[in-house]
Amino acid sequence: MHKHFFDFLTGLILVAVSCGLLAYYLWPRPQVPLKATIYHQSVLLYDLDLAKEDAERDLLLSYPEDTSKTDMTVAVRKNAICVKESGCPNQFCVHEGWVSEANRSIICAYNEVYIFLEGTSDIDVYV
Amino acid sequence: MKKSLVFFAAALASSIASGCATISSSASSSSAEAAKGEFYLFDTFVDVALYRGTDEEVSAIGDYLSSFSALIDGYAEPAAGETTLWTVNHTNEEIEVPPALADILSFALEMEEATDGYLNPLIGSLANLWKAGVEASVPYIPAQKDIDAALAEMNASSLTVEGTKVKRTGGAIVDLGALGKGYALREVKKMIEGYGLSAYLVNAGSSSMIMGAKEDGSAWRIGFNVGGGQNTPAILTLQDNSMGTSSVTEQGAVIGGATYSHIVNPFTGSAKASYVLASAIGPDPGIDDVMSTCFFLMGEDIAQSYAAKMGLGYCFYDFDGHFVYSPDLEVTLV
């Protein structure tokens, strides 16, 4: 018994170390909160922590000095954002609806507005 | 006992080594910061992310893209004394142009030949006709007589490039929308390689992308925006490569039950879309940008032969929800 005890102990320690390392690797990491940034051309308009949003609220984007652009209403709620209204002709930004996946974007090319969501996702980039 | 001790030491050492690799890999993926920039150029947003890069390197890329986008803008009049694509589009005289402009025009003519005319750099008038219709507050299909006239004008015009001398004959407008972003990313890729960076992603309006690896050395996972709030139909895994995508989700309109876009067939003059998107994957972003447009027009069957000839991968997503891709790509259907 004494002869094999050390072998048994060796195996036990090996298994314990392996399990510990495996547990560390598989232990769930805290999710990065979903953030939305809203740009007009290259100017940052809003940097929002969507995880902290509660009731739905609207953000008005307006460019009175630029008659080639139209007003837009962006709505935010907990972990989601959408273009609620836009004066652009094709309405593709509105048709996107509520977006809540990280690394997705909503673009209004007509109004040169870019909304980008950052956070944790299995997908790194969308085309 | 001695044998057991040796075995124990070896086994423990290998466990710790593999565990340390695991821990270090997960730690690096959560702690690396990228130098990033967003630029509004080429009528879209260009995102630059350089892992272990610097803000100065991102700025240099932004400066290059800004000057190049101005050079190939065929519609905005440049400052006095400057020669850009606008200048080419406003004279039928032979003119001297900057070498960078001559190079991209030569590339456009080479790709016209390589695609047997599916790419036509003189498509500007036809493209603008459709753009006016598709982007109107009430979208409309241009009158057939106007389409026929624009098509005839395009076919009666020509573009020649000899060194830095360029001559346009006829009234058709040179439009480099199908290749400008991708061609620009060729130079950006060289700049990034010159900085010694291997982990990066540059995304020009989703239509043209270049990428190294992710910060932890793994491949990028790419989803497809097919519009209407739908989830991606597939995930493409890619690294150290480039990709061009032509899509109707952001620039198109539904008229009479069919979808029309800004992507015009140079043979028929029609901009009726048969696909939601088409992508071309290969090491040259300039070729990918051109071929994504051409694949979109050709359809899967014809595209396959060009893809094989050019060594490109491809993806298609149609209006019936079918996602088709070349067998060489690593794709997971969702």
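Below, chains carry the letters A, B, ... as their sequence lines are ordered, and counting in each starts from 1.
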Check the side chains of [Y] and [X] for a donor-acceptor pair under 3.5 angstrom, ignoring hydrogens and angles.
X	Y	answer
Ser247(B)	Thr245(B)	no
Tyr114(A)	Glu38(B)	no
Thr37(A)	Asp47(A)	no
Asn111(A)	Thr70(A)	yes

Identify which part of [X] has an atom lying under 4.5 Å from any heavy atom of chain A, answering side chain, backbone, both or neither.
X	value
Asn225(B)	both
Met211(B)	neither
Leu236(B)	neither
Val334(B)	neither
Thr249(B)	backbone
Ala219(B)	backbone

Under a 4.5 Å heavy-atom cut-off, does chain B meet the side chain of [X], its backbone, both or neither?
X	answer
Asn103(A)	neither
Val94(A)	neither
Val125(A)	both
Gln91(A)	neither

- Task: Just say parallel, tilted or perpendicular for the rings of Phe295(B) and Tyr314(B), cut-offs at 30° and 60°.
- Result: perpendicular
- Task: Inspect the surroundings of NZ in Lys78(A) and state if more than 12 heavy atoms from other residues, nucleotides or ligands are less than 6.0 Å away.
- Result: yes
- Task: Would you check, one step at a time, whether the test side-chain contact (heavy atoms from CB on, under 4.5 Å) holds for Trp130(B) with Lys272(B)?
- Result: CA-CA 10 Å; Trp130(B) 276 101; Lys272(B) 186 175 176 184; over 6 Å; no
- Query: So, Phe224(B) versus Phe323(B), ring centres under 6.0 angstrom or not?
  - Reply: yes
- Picking from Glu96(A), Glu101(A), His40(A), which has the most non-hydrogen pairs under 4.5 angstrom with chain B? Glu96(A)
- Message: Heavy-atom pairs under 4.5 Å with chain A - which of Thr232(B), Ile235(B), Asp47(B) has more of them than the others?
- Response: Asp47(B)
- Would you mind telling me which of Pro139(B), Gly227(B), Ala136(B) has the largest number of heavy-atom pairs within less than 4.5 Å of chain A? Ala136(B)
- Task: Please lay out, stage by stage, how Ile106(A) and Val74(A) fare under the test side-chain contact (heavy atoms from CB on, under 4.5 Å).
- Result: CA-CA 11 Å; Ile106(A) 304 173; Val74(A) 174; over 6 Å; no
